[in-house]
Amino acid sequence: MTRIGWLMTGTLLGLLGGVHAAPLTTLPVSLATSLAKNGISPEHVSVVVTRLADGPAKDEPILRFHAEVSRPPASTAKLITTLAILDTHGPDWRYQTPFRAKHIKDGVVTGLSIEGKGDASWVLEDVLLDIKRLKTQGVREIVGAIVLDNTYFAPSNEKSQDFDGRGWRPYNTVPDALLMNYAGVALTITPEEKTARVAMLPDLAAVSVPKTVPLTTGPCGQWKNRLAPEFTQTPNGVRLRFKGRYPSSCGEKTLYLVPLASHTYTEALLRDAFKENGIRFTGDFEWRRTSPKDAVVLTRTSAPLADLVKLTNKFSNNLLARHLFLTLGDDSRTQAGTNLTPAAARKALSDWMREKGISQKDFFMENGSGLSRQTRVRAETMDALLRYGWHSPFMSEYLASLPVTGEDGTMRQRKNAQYRGRIKTGLLNDVRSIGGYLHAKDGYRYSVYAVVAGDKNVHKGIAFLDDVIDWVDSGTKP
């Protein structure tokens, strides 16, 4: 065979997956230059890039830089949680939350109970609609105590302020199997002539907020911190005050806060929902296990899992991710379990990874969300997960859940490879990370995972990660 024949044969074998060039193990010049420019130590960086194949062809590893180092992934950990639950439960799986009753007669319900099954997507509009459904069934009064059951998840001593002391921020809300509206309120702040008007939704009787907040000049910047919200306990709930001022340059914005403990919040929201729908209830609430013998009078059904995964990844929703993670621990897939724990979820995740042939060396997942200082993963493990996601039966749902570069979610402001990337981001005080897929300018599709870890390395970590995206988008030229 001629030399040209050998070259043509080699090219063909390469396209079919028979021959691949060895991947780079050092950074290409453009990325090494980016590290130096941004003052980032190479020892604190991992980058893996793979050219993805279609059909029977094999994926081609392009870059493996510190791929064997285990680092905190921040919110790119959600890539693991969401892929695992899509693959084990299927995109149309839904949470089911039953309302039960011991007795119903002439519109009077005795022994109403609500059995929480881990649905973190039960938002205000749905709660009000479900209570209205009770009303349309003829319910006009509830007598006795209402039993609220959140035993689907095991009890936990975790507090919302444990991670960073900001328990009032929604990202710190801890899992609860019977959680409504993320236990939060939305404060719409609208500047007027001398003050900004404050409107709260839902308008809970247990939460007192100021009607206005003073204005200040200057750039919008860190407006949430400049407001300096503070909660104090009152005999009937909590009172919010703002110790700071609101920059008029911000225009209208919405501040999301978690003012009450989740149990207190759920009780307050239910009381208001019953009152709004004209259902009389003057009793108390009891938090305990419901009786499966009581008749189901109503079932709250969540959106399909594909939609919940999209909410989780697009907007990096920690609470949804943590609930999905705990749900992995219910092997029945029918929400028949009780007292689900992070340990059970870790075992289910480990079994799934083993089944898919994905290495778990130096791997630990604390809670499924990335809001963790204990979670660790090798870049090569993330690469294997991303490659499995590309070839999985639920690839379309998985990719659709990721932020589109320059378009939506946490990638809305980042214009690199605009519209051609599906990239999940991660951010902690000492971590910046990206993980996902790119349809590059050369026509190929790539998986990419990159992380910058360490207090002294993250200040310009996003700039470096953007350069990684640009390098892959350019066709990974050295």
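The first residue of the sequence shown is numbered 1, and numbering continues consecutively from there. As the structure is a computational prediction, the values presented were derived from the model and not from experiment.
Looking only at side-chain heavy atoms (C-beta outward), Val448 and Trp471 stay at 4.5 Å or farther from each other. The shortest side-chain heavy-atom distance between Arg422 and Val404 falls under the 4.5 Å cut-off. You'll find the side chain of Tyr265 stays beyond 4.5 Å of the side chain of Leu179, heavy atoms only. Residues Leu24 and Phe65 are not in side-chain contact: their nearest non-hydrogen atoms beyond the backbone lie 4.5 Å or more apart. Taking 4.5 Å as the limit, some side-chain heavy atom of Pro259 sits within range of a side-chain heavy atom of Val185. A 4.5 Å side-chain heavy-atom check between Lys441 and Arg420 finds at least one atom pair inside the cut-off. Counting heavy atoms from C-beta on, the side chains of Thr338 and Arg289 come closer than 4.5 Å. Looking at heavy atoms from C-beta onward, Ser447 lies out of side-chain contact with Met382 at the 4.5 angstrom threshold.
Rounding to the nearest 0.5 Å gives a distance of 10.0 Å between CE of Met180 and CG of Asp119. Between atom OH of residue Tyr246 and atom CG of residue Leu227 there is a gap of 7.5 Å, rounded to the nearest 0.5 Å. Atom-to-atom distance recorded for His323:NE2 and Thr173:OG1 is 9.0 Å, nearest 0.5 angstrom. Atoms CG and CG, from Asp330 and Asn339 in turn, are 11.5 Å apart once rounded to the nearest 0.5 Å.
Applying the salt bridge (Lys or Arg N to Asp or Glu O under 4.0 Å) criterion to Asp430, with sequence neighbours excluded, gives no partner residue. Residues that satisfy the side chain to side chain donor-acceptor pair (under 3.5 Å) test with Ser372, not counting sequence neighbours, are Glu366, Thr375. Legend: residues meeting salt bridge (Lys or Arg N to Asp or Glu O under 4.0 Å) with Lys224, ordered by chain and number and at least two apart, are absent. Every residue meeting the side chain to side chain donor-acceptor pair (under 3.5 Å) condition with Lys314, not counting sequence neighbours, appears here in chain and number order: Asp408. Remark: Tyr95 pairs with Trp93 by the ring pair (Phe, Tyr, Trp, His ring centres under 6.0 Å) rule, at least two apart or across chains. Residues satisfying the ring pair (Phe, Tyr, Trp, His ring centres under 6.0 Å) criterion with Phe315, sequence neighbours excluded, are absent altogether. Remark: Ser350 pairs with Arg354, Gln360 by the side chain to side chain donor-acceptor pair (under 3.5 Å) rule, at least two apart or across chains. Residues that satisfy the side chain to side chain donor-acceptor pair (under 3.5 Å) test with Asn150, not counting sequence neighbours, are Asp176, His263. Taking the salt bridge (Lys or Arg N to Asp or Glu O under 4.0 Å) definition, one finds that Arg226 meets it with nothing, sequence neighbours left out. Evaluation of the ring pair (Phe, Tyr, Trp, His ring centres under 6.0 Å) rule for Tyr388 yields Trp352 as partners, not counting sequence neighbours.
Screening Thr50, Thr25, Thr26 for a side-chain hydrogen bond (donor to acceptor under 3.5 Å, both in side chains) with Arg64, the sole residue that qualifies is Thr50. Shown are Leu269, Val127, Val207; of these, the side-chain contact (heavy atoms from CB on, under 4.5 Å) with Pro202 is made only by Leu269.
Salt bridge absent: Arg169 and Asp164 never bring a charged side-chain N and a carboxylate O closer than 4.0 Å. Salt bridge present: Arg94 and Asp92 bring a charged side-chain N and a carboxylate O closer than 4.0 Å. Contact check on Arg241 versus Glu230 returns a salt bridge, with a Lys/Arg side-chain nitrogen under 4.0 Å from an Asp/Glu carboxylate oxygen.
The environment of Phe364 atom CZ is dense: over 12 non-hydrogen atoms of other residues, nucleotides or ligands sit within 6.0 angstrom. Atom NE2 of His459 has 12 or fewer neighbouring heavy atoms from other residues, nucleotides or ligands inside a 6.0 Å radius. Counting non-hydrogen atoms of other residues, nucleotides and ligands closer than 6.0 Å to CG of Asn225 gives a total above 12. No more than 12 heavy atoms of other residues, nucleotides or ligands lie within 6.0 Å of CD in Gln222, so this atom counts as exposed by the packing criterion. Counting non-hydrogen atoms of neighbouring residues, nucleotides and ligands closer than 6.0 angstrom, the NZ atom of Lys415 exceeds 12 such neighbours. Residue Lys356 qualifies as enclosed at atom NZ: its count of foreign heavy atoms under 6.0 Å is above 12.
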Checking Arg445 against Trp390 for the side-chain contact (heavy atoms from CB on, under 4.5 Å) test, could you report, in this order, the C-alpha distance in whole Å, the side-chain angles of both residues, the deciding distance, and whether it holds? CA-CA 10 Å; Arg445 290 172 170 85; Trp390 177 257; 3.0 Å; yes
Test side-chain hydrogen bond (donor to acceptor under 3.5 Å, both in side chains) applied to Ser75 and Ser316, step by step: CA-CA 7 Å; Ser75 277; Ser316 206; 3.2 Å; yes
Report the C-alpha distance between Asn318 and Lys78 in whole Å, list the side-chain angles of each, state the deciding distance to 0.1 Å, and finish with yes or no for side-chain hydrogen bond (donor to acceptor under 3.5 Å, both in side chains). CA-CA 8 Å; Asn318 289 310; Lys78 296 181 179 74; 2.9 Å; yes
Starting from the C-alpha separation in whole Å, work towards a yes-or-no answer on side-chain contact (heavy atoms from CB on, under 4.5 Å) for Leu270 and Ile114. CA-CA 11 Å; Leu270 282 173; Ile114 307 174; 4.1 Å; yes
Take Thr425 and Thr410 through the test side-chain hydrogen bond (donor to acceptor under 3.5 Å, both in side chains) and record every step on the way to the result. CA-CA 7 Å; Thr425 60; Thr410 57; 2.9 Å; yes
What's the verdict on side-chain contact (heavy atoms from CB on, under 4.5 Å) for Met411 and Ile469, showing C-alpha distance, side-chain angles and the deciding distance? CA-CA 12 Å; Met411 286 296 294; Ile469 293 174; 4.1 Å; yes
From CA spacing to verdict: side-chain contact (heavy atoms from CB on, under 4.5 Å), Val377, Thr76: CA-CA 10 Å; Val377 62; Thr76 55; over 6 Å; no
Could you walk me through whether Ser70 and Asp362 pass side-chain hydrogen bond (donor to acceptor under 3.5 Å, both in side chains), step by step? CA-CA 6 Å; Ser70 187; Asp362 301 324; 5.4 Å; no
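Annotation for Cys220 and Lys253: closest pair SG-CE, 3.6 Å, computed over non-hydrogen atoms. Taking each heavy atom of Pro175 and Arg322 in turn, the nearest pair found is CD-CZ, 3.5 Å. Scanning both residues, Leu438 and Ala417, for their nearest heavy atoms gives CD2-CB, 3.7 Å.
Side-chain atoms of Thr81 come within 3.5 Å of backbone atoms of Gly368 as a donor-acceptor pair (strictly under, hydrogens ignored).
Both tests hold for Arg373 against Phe163: distance to the six-membered ring centre under 6.0 Å, angle to the ring axis within 45°.
Applying the disulfide (SG to SG under 2.5 Å) test to pairs two or more places apart or on separate chains, none has a residue in residues 325-369. Judged as a side-chain hydrogen bond (donor to acceptor under 3.5 Å, both in side chains), the pairs with a partner in residues 394-407 (not counting sequence neighbours) are, in order, Asn313-Ser401.
Side-chain polar atoms of Ser359 and Arg378 form no donor-acceptor pair below 3.5 angstrom.
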